[in-house]
There are 2 protein chains.
Amino acid sequence: MSNITQIAKRAKVSRTTVSRVLNHHSYVNAEKREAVLKAIKELNYVPNLNAINLSRGKTNVIGIIVHKINHPYFSDLIERIGKEFDKHNYSLLVHQSNNDPKKELEFFNMLKYKMIDGLILGSSVSPTSVIDELSYFGKIVSCEYSKSNKIAKVYANHESSIKMAVDHLRDQGHQEIGLCIGSPQSGVGTTRKKSFFNLQKEYHLNWRDDWYFEERYTIEDGVEVAKEIIGQPSRPTAMVVGSDHVATGIIYEAKKQGIKIPEELAIIGFGNQPISKIVELTSINPMIEAGETAANLLYSMIQNQDVPFNNTIELELIKRKST
Amino acid sequence: MSNITQIAKRAKVSRTTVSRVLNHHSYVNAEKREAVLKAIKELNYVPNLNAINLSRGKTNVIGIIVHKINHPYFSDLIERIGKEFDKHNYSLLVHQSNNDPKKELEFFNMLKYKMIDGLILGSSVSPTSVIDELSYFGKIVSCEYSKSNKIAKVYANHESSIKMAVDHLRDQGHQEIGLCIGSPQSGVGTTRKKSFFNLQKEYHLNWRDDWYFEERYTIEDGVEVAKEIIGQPSRPTAMVVGSDHVATGIIYEAKKQGIKIPEELAIIGFGNQPISKIVELTSINPMIEAGETAANLLYSMIQNQDVPFNNTIELELIKRKST
DNA sequence: GTGAAAGCGCTAACAG
DNA sequence: CTGTTAGCGCTTTCAC
């Protein structure tokens, strides 16, 4: 394993010159350049990124933390952010928190310790104070609402999206509406839950506690939810479901049990995932891509450009046959 | 931003001592230790990982490259590998290649340049020569079959899995069997395709070229495949489908068009993904978890332990109602 | 138990 | 266009 000094010696130039040809800096005399290139070949030289990173004070790596890597929402998010940053020659350090604040804290050190140049919060359960303090160490973009005003955010208004869903269902005549969300601790979950129950009171909707479900993420979870609903003595006529995949599971199981969608059970999901087209699920969807937006925001911030910190995402309701 | 030298000065000790308390090395006089800790607090010291990495010659990061981050197979793989390495305090640098050899090569530099301590090939389209050369720079584990004998591999025998599928369908009386795979360039795709056509000849199965589909990855792709099949003047009575998700799409669309599964069209998938239970898809499944296995192999290799390079995964056929 | 000194490998300001 | 020199921040032998 050779280094720049050996190349310099062999090519009979200074290390600076080697560095210059390596980085295509300014012009280097053709002969010397050739000598350097020759030495590089002969010694099988490869650069050491850790040295470069240390010297430059940056790594061209950005971090992203999510609740669960293989949840479709997050894997899509990671994919889009990765693709976007790839254009700028940045790599992605991906971490899964399982919504565990300790795990988040651990990963946040990557920013503090200068292992990553920026951080994207796919989801976070850390208190604002932690985020505020962290922001001192580097650029951060959150893909959900955050109270911190030290970081950029790109988020949908989940309050209005819940209203969009409930209003839509009420328009169809529903008065018994259940709710199913993911993590009630996450920003998204908290807001959805709160907004829903506010509306439920405001509209004087009927309610039973067993119409509420949380910590549901997958198609299989949806199947379970459907079973629970169907077993109830008096079940809701409609469900607002935080994830298209869970909603898909509900539809699948309900249909299997001979329940007519939407006549006997209406379902509305979120995210307009590919699968929603297939099961003809009505879904509420962001009108911009949060991943790309977050990536571009962060990239600009890393370039020390000013960006808006509050970026709200407009939503639209895509009506299909499940409502 | 303070560094170890400033801490040393303030605590009136040497940098070595600071380093020792930081790393819990040997014993340090209680008073000096306190002084160091105090200085660290006062100066808001945070370590610089790049310096540590450079000095130590390792990063505690491993890289993983996959065709597509948000394909369920790969996002599951990443999740499992991440979880496994998290136990050892390793982070994950994730890269998507889109099966582009150039993109792969770019990421391989992360290993050469010492940015990562090891590499997992979720999928790869690079020639053996490239992998062989790369193996010189670090430990590599492939999650699919590879001709390279310089890296560890954990792979299913796709030849026998195809045979398992075709035999099963023949047992049910099928003579007209179609094939649908992902990338025909990937190791998996190549083998599946070749094995299938060998069998098709050996068994004298009927065949039409329009019973073959490639580059299909998603549920939506499956819907398209179903539409194409159904539109054919003489369609196959069964399909071997490389992905459960694509198979799910086929089932969904076929049923929608009133085609009876499995009477009029039998479907067999691969991977036993959660969704396969829901659509009652027969699926062929590995009996061990490739992700965990690959992670543990790589971890052992990084510890300079000897590991078996050829790790085959046994498969089982999980019969459900689609065949 | 502690410190001096020599790395780890590269970059960049400055002078010529 | 090129070299000198001073970092970047931490680890680790080796003496004492």
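Convention: sequence-line order gives letters A, B, ...; per-chain numbering from 1.
Counting to the nearest Å, the C1' atom of C:dG7 and the CD atom of A:Gln6 are 14 Å from each other. Distance CG (B:Leu54) to P (C:dA6): 18 Å, rounded to an integer number of Å. As rounded to whole Å, 11 Å separates atom P of D:dC1 from atom CZ of A:Arg33. Between A:Leu43 atom CG and C:dC10 atom P the separation is 12 Å, expressed in whole Å. Rounded to an integer number of Å, the gap from A:His24 NE2 to D:dC1 P is 16 Å. Rounded to an integer number of Å, the gap from CG of B:Asn50 to C1' of D:dC10 is 11 Å. For the pair B:Arg20 CZ and C:dA4 C1', the interatomic distance rounds to 11 Å; values are reported in whole Å. One atom, CG of B:Asn3, and another, P of C:dC8, lie 20 Å apart when rounded to the nearest Å.
A salt bridge (charged side-chain N to carboxylate O under 4.0 Å, His left out) check over residues 89-113 of chain B, counting only residues at least two apart or in different chains, returns the pairs A:Asp86-B:Lys103, B:Lys103-B:Glu106, B:Lys112-B:Glu133.
Backbone-only engagement by B:Tyr45 is indicated by non-hydrogen atom pairs under 4.0 Å involving sugar-phosphate atoms exclusively. Across all strands shown, B:Val13 has heavy atoms under 4.0 Å from sugar-phosphate atoms exclusively, and none from any base. Using a 4.0 Å heavy-atom distance criterion, B:Thr17 is classed as a sugar-phosphate-only contact. Counting any heavy atom pair closer than 4.0 Å across all strands shown, A:Ile52 reaches sugar-phosphate atoms only and no base atom.
Ion pairing between A:Lys38 and A:Glu34 fails under the 4.0 Å rule for side-chain N and carboxylate O. Under a 4.0 Å N-O distance rule, the pair B:Glu42/B:Arg10 qualifies as a salt bridge.
For A:Ser14, taking side-chain heavy atoms from C-beta onward, the closest of the listed nucleotides C:dC10, C:dT2, D:dT4 is D:dT4. Between D:dT12, C:dG3, C:dC10, one nucleotide has an atom nearer to the side chain of A:Ala51 than all others, and that is C:dC10. Listed nucleotides C:dT11, C:dG1, D:dG9 differ in distance to A:Asn23; the shortest reach to its side chain belongs to C:dT11. Taking only side-chain atoms of B:Ile4, from C-beta outward, the nucleotide of D:dC10, C:dC8, C:dT11 with the closest atom is D:dC10. In this structure, the nucleotide among D:dT13, C:dT2, D:dC10 sitting nearest to the side chain of B:Thr16 is D:dT13. When the nucleotides C:dA12, C:dC10, D:dC10 are ranked by their closest atom to the side chain of A:Ser55, C:dC10 comes out on top.
Close to D:dT2, at under 4.0 Å from its OP1 or OP2, lies a side-chain N or O of A:Asn29. Proximity of B:Lys114 to the phosphate of C:dC8: no side-chain N or O atom is located under 4.0 Å from OP1 or OP2. One finds no side-chain N or O of A:Ser19 lying less than 4.0 angstrom from the OP1 or OP2 phosphate oxygen of C:dC10.
In this structure a side-chain-to-backbone donor-acceptor pair under 3.5 Å is present from B:Asn3 to B:Gln6.
Aromatic ring centres of A:His67 and A:Tyr217: separated by under 6.0 Å.
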Run the salt bridge (Lys or Arg N to Asp or Glu O under 4.0 Å) test on A:Glu84 and A:Arg80 for me, step by step, so that the C-alpha distance in whole Å, both residues' side-chain angles and the decisive distance to 0.1 Å come before the verdict.
CA-CA 6 Å; A:Glu84 209 58 27; A:Arg80 302 193 105 103; over 6 Å; no

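For the pair B:Lys12 and B:Arg56, nearest-nucleotide mapping onto DNA chain C gives the more 5' position to B:Lys12. Comparing A:Arg15 and A:Lys32 against DNA chain D, the residue whose closest nucleotide sits nearer the 5' end is A:Lys32.
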